[in-house]
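Just below is one structure, and these are the notes that go with it.
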There are 2 protein chains.
Amino acid sequence: MDTLRIAVIEDDPVIRTGLLEYFQHEEFCHDAWATPSMESFFEAIKSGKHADVVLTDIGLPGMSGTDGIRLIREQLPQADVIMLTVFKDENRIFKSLCAGATGYLLKDTPFPQIKEAIRVIRNGGSFMSPAIARKVVQYFNPQPQENENNLTVRERQIIQGLVDGLSYKLIADRLSISIDTIRYHIKKIYNKMHVNSRTELIRKSMR
Amino acid sequence: MDTLRIAVIEDDPVIRTGLLEYFQHEEFCHDAWATPSMESFFEAIKSGKHADVVLTDIGLPGMSGTDGIRLIREQLPQADVIMLTVFKDENRIFKSLCAGATGYLLKDTPFPQIKEAIRVIRNGGSFMSPAIARKVVQYFNPQPQENENNLTVRERQIIQGLVDGLSYKLIADRLSISIDTIRYHIKKIYNKMHVNSRTELIRKSMR
DNA sequence: AAATGTACCGCATCATTATGTAGTTTGCCG
DNA sequence: CGGCAAACTACATAATGATGCGGTACATTT
């Protein structure tokens with residue numbers, strides 16, 4: 001593994017200092033620096049600092065870690081952004097992943113495991129704390145929930161396939177049922193949702 | 001961690017035997033047994049065998065590991081199904097996750113890491129090999145196009161109609177041109193945007 | 001002048017979507 | 001038990017989407 005420049009964005013001074021000291025004593029780390037906020041991070045970038053890995057908290061003063069991901073990736077296209085946070089709610093998880101984070105670690109992750117996560121991420125993989133991985137897995141296999149329009153679990157799975165842009169055939173493959181069953185469900189879904197096309201459904205689902 | 005009953009479904013006898021011997025020497029494992037196919041796995045279940053964890057290959061004779069997940073979960077609702085496979089294509093990954101797999105490991109995972117994956121999964125988490133996690137993460141953040149693809153004014157107008165959910169005919173009405181011209185422009189748009197369907201385009205346009 | 005790009009148009013073909021009709025099986029509820 | 005809903009399946013049909021090929025006209029660039 002190449003020696004890395006690691007930036008930490010963390011407002012808690014104890015954690016910030018702890019991480020800095022850990023990284024500064026690690027051979028794989030060429031340079032480690034930290035800022036207490038997104039804003040000060042971008043000032044440091046503007047004044048010439050660099051980073052290959054950005055380890056960022058979410059709950060920060062001013063701009064949140066999640067809201068900063070896209071900006072980080074614009075300024076540092078080759079950098080990996082890894083979340084290090086107490087938040088394990090699905091909204092923040094998926095918003096961060098959608099924005100381009102390549103790792104999502106919980107705050108209780110031991111430092112050596114943070115190091116290991118950085119290693120696999122820089123090697124082209126990704127790493128999530130197990131509880132986060134479970135939430136991600138459950139995104140693909142949703143459990144029954146309260147729902148609007150009385151949609152069944154099956155119907156919601158099929159909507160997900162439609163939103164993903166899959167053809168009926170591919171949705172059928174994914175769910176191991178026939179394409180005619182897909183068509184049957186879609187008829188019911190469109191009736192329940194009062195739409196007449198996939199696009200209408202997608203627009204409605206994204207609200 | 002409670003002592004577990006682990007079932008392995010693996011047609012390669014070397015791997016099967018290796019895994020069995022490893023688990024049978026591990027304290028966390030109360031019982032380990034294996035079958036070379038899904039069909040023989042279900043026969044064993046029918047004749048009284050049990051499992052808390054099912055570690056299954058995908059490329060099996062007869063029914064594939066992926067196609068067996070749902071049946072396993074019906075017969076063993078409390079069991080975790082973990083894929084152990086060489087396949088790292090997105091189709092199989094997402095199909096397995098949608099079917100309810102709670103782990104997805106590549107075949108080159110060392111045995112102690114398989115054990116660790118089982119541990120975190122039984123503790124309510126999930127575990128994926130890093131390359132798999134990267135595919136999953138990229139599902140949420142597909143690579144954006146590097147520029148605006150030099151769309152003309154006309155092309156942007158037509159994209160808007162597509163995003164609005166209008167049929168080609170209605171877009172043609174809106175722009176006072178023929179439906180064949182719509183088709184012509186859409187061909188060019190899809191090429192420029194590197195998509196193959198309206199839904200892909202919409203997903204890409206909304207970022 | 002020739003090449004290139006944009007906008008327009010038509011035809012042909014195949015793939016996919018949407019909808020109607022019919023049926024079976026299973027589980028739940030009154 | 002019958003009624004109902006959910007899930008599955010099949011068939012048929014029409015409409016729409018996607019793509020390939022061909023063409024014209026005009027403006028700009030080489």
Side-chain angles (χ1 to χ4, degrees), chain A residues 141-205, chain B residues 63 67-75 77 91 95 98-100 147-205:
Chain A
N141 184 249
Q143 298 308 304
Q145 295 173 9
E146 323 166 8
N147 66 93
E148 46 185 302
N149 302 100
N150 291 318
L151 295 170
T152 66
V153 169
R154 203 50 147 178
E155 285 165 347
R156 274 186 272 118
Q157 286 179 325
I158 287 169
I159 287 173
Q160 188 58 57
L162 293 173
V163 171
D164 289 347
L166 302 182
S167 64
Y168 289 4
K169 183 174 174 350
L170 287 177
I171 300 172
D173 284 346
R174 182 183 277 192
L175 302 178
S176 302
I177 51 177
S178 83
I179 193 170
D180 280 312
T181 305
I182 298 294
R183 292 191 184 117
Y184 157 78
H185 282 300
I186 284 171
K187 271 181 276 183
K188 297 211 60 184
I189 289 165
Y190 285 6
N191 276 336
K192 285 182 179 180
M193 299 289 286
H194 303 295
V195 297
N196 295 103
S197 71
R198 179 194 289 243
T199 306
E200 279 185 76
L201 180 69
I202 289 170
R203 288 166 64 93
K204 208 162 196 175
S205 301
Chain B
M63 188 189 303
D67 287 338
I69 297 169
R70 281 186 227 278
L71 296 177
I72 295 175
R73 287 164 57 81
E74 283 169 14
Q75 309 256 355
N91 186 48
K95 192 173 176 183
C98 284
N147 54 50
E148 289 304 309
N149 302 286
N150 299 313
L151 296 171
T152 65
V153 169
R154 202 50 148 178
E155 285 164 348
R156 270 180 266 157
Q157 288 175 323
I158 287 169
I159 288 174
Q160 188 58 57
L162 293 172
V163 169
D164 288 346
L166 303 182
S167 65
Y168 289 4
K169 182 173 172 1
L170 288 176
I171 299 172
D173 288 345
R174 182 187 273 190
L175 301 178
S176 301
I177 51 178
S178 84
I179 192 171
D180 281 312
T181 306
I182 299 295
R183 292 193 182 116
Y184 157 80
H185 281 298
I186 284 170
K187 270 181 277 184
K188 297 213 61 186
I189 290 166
Y190 285 7
N191 275 336
K192 285 183 178 180
M193 300 288 285
H194 301 296
V195 297
N196 295 104
S197 71
R198 178 194 288 244
T199 306
E200 279 185 75
L201 180 69
I202 289 169
R203 287 167 62 92
K204 209 161 199 175
S205 300

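Below, chains carry the letters A, B, ... as their sequence lines are ordered, and counting in each starts from 1. Side-chain atoms are counted along with the backbone in the values below, which use heavy atoms only and exclude waters and symmetry mates. What you see is a predicted model; the values in this text were computed from it and never measured.
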Using whole Å, report how far CG of A:L151 lies from P of D:dA7.
10 Å

Measuring from the side chain of A:K187 (C-beta onward, heavy atoms only), which nucleotide among D:dC8, C:dC11, C:dG20 has the closest atom?
C:dG20

d(A:L175 CG, A:L166 CG) to nearest 0.5 Å is 9.0 Å

Short side-chain N/O contact from B:S178 to OP1 or OP2 of C:dG10, under 4.0 Å
yes

Starting at atom CD1 of A:I182, determine the distance to atom C1' of C:dT19, rounded to an integer number of angstrom.
16 Å

C:dT16 phosphate, OP1 or OP2: any side-chain N/O from B:S197 under 4.0 angstrom?
no

Separation of atom CD1 in A:I186 from atom P in C:dT19, rounded to whole Å
10 Å

May I ask you to verify whether the side chain of A:Y190 and the base of C:dA18 hold a donor-acceptor pair under 3.5 Å?
no

Please report the distance, rounded to the nearest Å, between CZ in B:R156 and C1' in C:dA7.
15 Å

What integer distance in Å separates B:I177:CD1 from D:dA25:P?
19 Å

As a test of understanding, state which of B:K192, B:K188, B:H185 forms a side chain to side chain donor-acceptor pair (under 3.5 Å) with B:E155.
B:K192

Under 4.0 Å, counting only non-hydrogen atoms across every strand here, what does A:T181 touch: a base, just sugar-phosphate, or nothing?
base

Quick one: pull up CG in A:L162 and CD1 in A:I186 and give me the separation to the nearest 0.5 Å.
4.5 Å

Going from CD1 on B:I182 to CG on B:L170, what distance comes out if it is rounded to the nearest 0.5 angstrom?
10.0 Å

Give the nucleotide from the list D:dT19, D:dA7, D:dT16 with an atom nearest to the side chain of A:Y184.
D:dA7

Any base atoms under 4.0 Å from A:R198, or only sugar-phosphate, or nothing? Heavy atoms, all strands.
sugar-phosphate

Whole-Å gap separating P (D:dA18) and NE2 (B:H185):
16 Å

Separation of D:dG20 atom P from B:D180 atom CG, nearest Å, is 15 Å

Can you check the B:K169 NZ to C:dA18 P distance for me, whole Å?
18 Å

Would you classify A:K188 as touching base, sugar-phosphate or nothing, given that sugar-phosphate means primed atoms plus P, OP1 and OP2, and contacts are heavy atoms under 4.0 Å?
sugar-phosphate

Closest-nucleotide ordering on DNA chain D, the 5'-leading residue of B:L166 and A:R183:
A:R183

Do the side-chain N or O atoms of A:T152 get closer than 4.0 angstrom to the phosphate oxygens (OP1, OP2) of D:dA7?
yes

Distance test, side-chain N/O of A:N196 to OP1/OP2 of C:dT19, below 4.0 Å
yes

Could you tell me whether a side-chain N or O of A:K204 sits under 3.5 Å from a main-chain N or O of A:M193, the two making a donor and an acceptor?
yes

